[in-house]
Amino acid sequence: MSGTNHKVVRLAGVDCLQVDPIGQSGGTVLLYHGWGSTQESYLFFSSIVSGWGYTVIVPELLHHGYRGTLNYADPAVLEQTFLEIVLQGSKEAVEMTEQLGGPSGGKIGIIGHSAGGFVAAGAFAKNTDIAAAVVINGSCAWTEFYESYLKYAGKPALSEEERAALAKHDPISLLTFEDERGLLLLHGKEDTTVPIHSQRYFMDKKACAAPERLRMVEYGGVNHQITLKMLEQAKLWLDSHLRAN
């Protein structure tokens with residue numbers, strides 16, 4: 001996007017776009033795009049987050065942008081590659097966080113939309129150095145989401161082996177909310193791409209978590225979009241968890 005000052009940085013073997021704030025940074029935020037999108041298309045989003053006073057890193061998901069292309073509209077392609085992309089993205093996000101960490105790096109947050117929301121949840125669950133995560137129209141209950149999808153699509157259910165393998169990476173299996181970190185879920189009630197069910201399921205299973213550690217906001221009349229009200233909640237969440245008190 002022309003007019004946005006950014007540079008390319010390489011983290012975890014991935015060329016990422018970095019957008020710096022004006023003045024001192026309040027921390028670093030990894031920003032993940034969704035299925036069929038690209039890091040380039042998220043430069044405007046990144047300029048908004050950098051305007052909040054954060055250094056923003058925008059990675060490219062596997063098989064997207066400069067890392068390749070797929071027929072994103074083909075349901076068979078989605079079924080074959082979605083979990084691979086999410087698991088690889090989560091692994092890379094953990095590695096990026098490790099590279100970005102250190103006393104001078106400030107706190108680290110992560111935001112993701114759609115498939116990027118799955119990535120953000122997976123990385124947050126596996127790396128306690130990520131102080132805050134915002135999952136927009138994604139899922140933190142991967143097994144529940146995937147089983148619901150298979151049932152809806154008329155596909156065979158997961159085998160016990162497949163279920164156990166997925167559970168090892170599923171945020172709902174890994175997150176306990178016993179530390180100081182915070183996870184915010186933002187979801188459209190009418191989302192037809194990633195139905196809200198699995199996020200409600202996650203919240204029900206983690207109902208004992210304190211509201212400053214886990215919160216969900218549902219938006220009526222919203223499908224699979226990012227709204228201004230979602231951005232407002234994301235900013236408030238990052239500010240409360242990344243900036244020094």
Side-chain angles (χ1 to χ4, degrees), residues 1 4-21 25-35 37-67 85-102 104-140 169 171 174-175 181-186 226 230-231 233-243:
M1 172 187 159
T4 300
N5 294 321
H6 63 276
K7 59 186 177 183
V8 177
V9 295
R10 192 163 181 81
L11 295 167
V14 179
D15 287 339
C16 306
L17 303 181
Q18 178 173 322
V19 180
D20 295 317
S25 176
T28 300
V29 176
L30 293 171
L31 177 60
Y32 275 89
H33 66 78
W35 175 263
S37 189
T38 65
Q39 61 182 184
E40 287 282 346
S41 68
Y42 265 46
L43 274 174
F44 180 70
F45 194 169
S46 69
S47 72
I48 293 173
V49 180
S50 70
W52 300 342
Y54 298 104
T55 300
V56 185
I57 305 291
V58 189
E60 191 82 89
L61 288 178
L62 184 67
H63 304 314
H64 287 72
Y66 85 88
R67 300 181 71 182
I85 290 168
V86 166
L87 290 172
Q88 182 65 22
S90 299
K91 177 178 179 289
E92 291 167 354
V94 168
E95 293 173 1
M96 289 176 191
T97 303
E98 292 169 351
Q99 289 181 240
L100 291 166
S104 61
K107 290 186 176 181
I108 297 173
I110 188 167
I111 302 176
H113 174 252
S114 190
F118 283 73
V119 170
F124 183 77
K126 286 196 170 183
N127 191 331
T128 56
D129 289 334
I130 301 176
V134 181
V135 176
I136 306 174
N137 298 327
S139 180
C140 301
H169 303 282
L174 302 174
L175 287 168
R181 306 182 307 140
L183 173 62
L184 175 65
L185 316 182
L186 307 173
I226 302 171
M230 287 177 175
L231 292 178
Q233 289 299 320
K235 180 185 185 301
L236 292 171
W237 194 257
L238 291 179
D239 288 348
S240 66
H241 288 86
L242 298 189
R243 294 190 185 278

Using 0.5 Å steps for rounding, measure from the [atom1] atom of [X] to the [atom2] atom of [Y].
X	Y	atom1	atom2	answer
Asn127	Ile110	CG	CD1	9.5 Å
Phe45	Ile136	CZ	CD1	4.5 Å
Tyr54	Arg243	OH	CZ	4.0 Å
Lys126	Ser90	NZ	OG	7.5 Å
Leu17	His6	CG	NE2	5.0 Å
Met96	Ile108	CE	CD1	11.5 Å

- Message: For a side chain to side chain contact (heavy atoms under 4.5 Å, CB included) check, start with the C-alpha distance between Gln18 and Asp20, then their side-chain angles and the critical distance, and finish with the verdict.
- Response: CA-CA 6 Å; Gln18 178 173 322; Asp20 295 317; 2.8 Å; yes

- Hey, can you tell me if Trp35 and His64 have their rings parallel, tilted or perpendicular (30° and 60° cut-offs)?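 Trp35 and His64: perpendicular rings.
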
Keeping the roles fixed (side chain from [X], backbone from [Y]), state whether a donor-acceptor pair exists under 3.5 Å.
X	Y	value
His33	Leu61	yes
Gln99	Ala12	yes
Gln39	Asp15	yes
Ser37	Gly34	no

- Message: Testing the 3.5 Å rule here: is there a donor-acceptor pair between the side chains of Gln88 and Glu92?
- Response: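 The answer is yes; a qualifying pair exists.
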
Identify the two heavy atoms, one from [X] and one from [Y], that lie closest to each other, and give their separation to 0.1 Å.
X	Y	result
Gly27	Ser25	O-OG, 2.7 Å
Thr128	Arg181	O-CD, 3.1 Å
Cys16	Leu11	SG-CB, 4.4 Å
Val19	Ser47	CG1-CA, 4.5 Å
Leu242	Ala132	CD2-CB, 4.1 Å
Tyr32	Tyr42	O-CE2, 3.6 Å

- Quick one: which of Leu183, Leu185, Leu184, Leu231 gives a side chain to side chain contact (heavy atoms under 4.5 Å, CB included) with Val134?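 Checked Leu183, Leu185, Leu184, Leu231 against Val134; only one passes side chain to side chain contact (heavy atoms under 4.5 Å, CB included): Leu184.
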
- Query: Tell me, which pairs form a salt bridge (Lys or Arg N to Asp or Glu O under 4.0 Å) where one or both residues lie in residues 110-125, sequence neighbours left out?
  - Reply: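 Counting only pairs at least two positions apart or across chains, no salt bridge (Lys or Arg N to Asp or Glu O under 4.0 Å) contact touches residues 110-125.
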
